[in-house]
Amino acid sequence: LSVADYYAASEKAFIIPGLKEGYVPQGMHYCEDEEIFLLSGYFSAGGASPVYVVDAVTGECLQKVVLQNKDGTAFEGHGCGITRNGDFVYVSGEHEPLNVYSLAEIMAAEYGASIRCLGNIPLSASEDDYITPSCLTIHDGVLTVGEFYREEVYPTLPSHHMTTKAGDVHYALAVDFALDENVEFGISTVPLRAYSIPIQVQGMCFNGDRVYVSTSWSFALSHILEYDLTRLEEQGTIEVIGTTVPLYAMDSASLIKDYRIAPMSEELAFVNGKLYVHCESASDKYLLGRLIGGKWCYATDMDKMK
């Protein structure tokens with residue numbers, strides 16, 4: 001009942017695939033030209049992590065592949081973020097650098113086949129200067145990599161902890177990198193700017209001058225935080241991956257609305273005016289998803305939420 005407005009403003013977009021196989025939903029990316037969703041995550045029983053391809057029009061699952069590292073071993077990462085730039089598909093695993101795959105290879109493979117990583121994009125300069133990649137999103141010519149922080153369980157570097165000018169206490173960063181077709185794998189490894197972000201960020205997507213941030217943990221209600229990018233306050237500078245960059249804050253000074261939605265929200269995508277949410281509760285790890293319609297990816301009209 002406490003999130004009835006969320007369901008009232010939402011429609012069932014498609015059934016999340018792989019749930020009977022133990023798939024645990026995490027990352028999501030919408031490919032506009034192909035009208036498909038790329039979904040990433042992991043299997044509750046372990047083993048190589050999958051990527052599913054869903055037709056955005058029909059909701060049909062078109063493809064499933066399982067991921068390998070560059071050396072041919074199974075990629076068993078969390079699959080917590082996925083995004084696409086041209087033929088390159090980037091997948092984050094939690095602590096690893098970004099793994100890079102070919103979209104053409106994914107689409108051409110036999111259903112359920114293994115796909116080998118093309119290579120990696122490093123996100124560290126030293127043992128004391130790195131990003132722990134969780135959510136990934138591409139927008140306006142940049143890749144944004146966001147961290148997930150949860151005290152003790154998922155720590156971040158102390159240098160990423162701060163109190164913003166608005167008084168919000170933050171423990172994680174999101175960092176922008178430029179898309180660059182002249183470098184290997186299409187992403188510059190030199191940061192452009194950084195954002196101080198709240199704890200427990202599972203997903204992020206940009207839409208015009210708005211950014212929507214998904215935060216969740218366990219069975220507590222999830223939150224979609226809507227920020228106005230034009231109101232982000234500069235907090236000075238920060239050194240990240242060996243580069244000093246301007247630092248901005250997604251905090252109470254730029255927060256427009258805090259929407260409460262069903263538990264275990266993960267990655268987000270904004271498509272044709274609606275916000276799509278990939279939800280972990282659908283996994284067979286939990287009974288909760290069966291009670292709240294978790295098997296569906298919901299598309300929400302944010303104007304109706306307001």
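Heavy atoms only: backbone and side chains are in, while hydrogens, waters and symmetry mates are out.
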Item to check | side chain to side chain donor-acceptor pair (under 3.5 Å) against Ser126, all qualifying residues, sequence neighbours excluded | outcome: none

Checklist outcome for this item: side chain to side chain donor-acceptor pair (under 3.5 Å) filter on Ser159, not counting sequence neighbours, yields none

Item to check | Electrostatic pair Arg210:Glu226 at N-O distance under 4.0 angstrom | outcome: yes

Side-chain contact, heavy-atom cut-off 4.5 Å: [X] with [Y]?
X	Y	value
Tyr259	Thr300	no
Leu98	Ile187	no
Leu19	Pro25	yes

Checklist entry - Side chains of Thr132 and Glu147: donor-acceptor distance under 3.5 Å anywhere? => result yes

Checklist outcome for this item: Between the CG atom in Leu232 and the CZ atom in Arg193, the distance rounded to the nearest 0.5 Å is 10.5 Å

Checklist outcome for this item: The reported gap from OH in Tyr30 to CG in Leu38 (rounded to nearest 0.5 angstrom) is 11.5 Å

Checklist entry - Any ring pair (Phe, Tyr, Trp, His ring centres under 6.0 Å) pairs touching residues 227-255, not counting sequence neighbours? => result none

Without swapping roles, check the side chain of [X] against the backbone of [Y] for a donor-acceptor pair under 3.5 Å.
X	Y	answer
Asp301	Lys274	no
Asp180	Ser188	no
Ser124	Tyr130	no
Asp228	Ile256	no
Gln63	Val53	no
Glu11	Ala299	no

With under 30° as parallel and over 60° as perpendicular, where do the rings of [X] and [Y] fit, or are they tilted in between?
X	Y	value
Phe88	Phe185	perpendicular
Tyr101	Phe75	perpendicular
Tyr276	Phe37	tilted

Next on the checklist: Using the rule side-chain hydrogen bond (donor to acceptor under 3.5 Å, both in side chains), only one of His139, Glu267, His29 pairs with Thr83; which is it?
Outcome noted: His29

For [X], is the [atom1] atom crowded, meaning more than 12 foreign heavy atoms sit under 6.0 Å from it?
X	atom1	result
Asp71	CG	yes
Lys165	NZ	yes
Arg260	CZ	no

Checklist entry - Are Tyr90 and Leu118 joined in one hydrophobic group, where the rule is that I, L, V, M, F, W and Y side chains link up if heavy atoms are under 4.5 Å apart? => result yes

Checklist outcome for this item: All heavy atoms of Ser252 vs all of Ala166, minimum pair found to be OG-CB, 3.6 Å

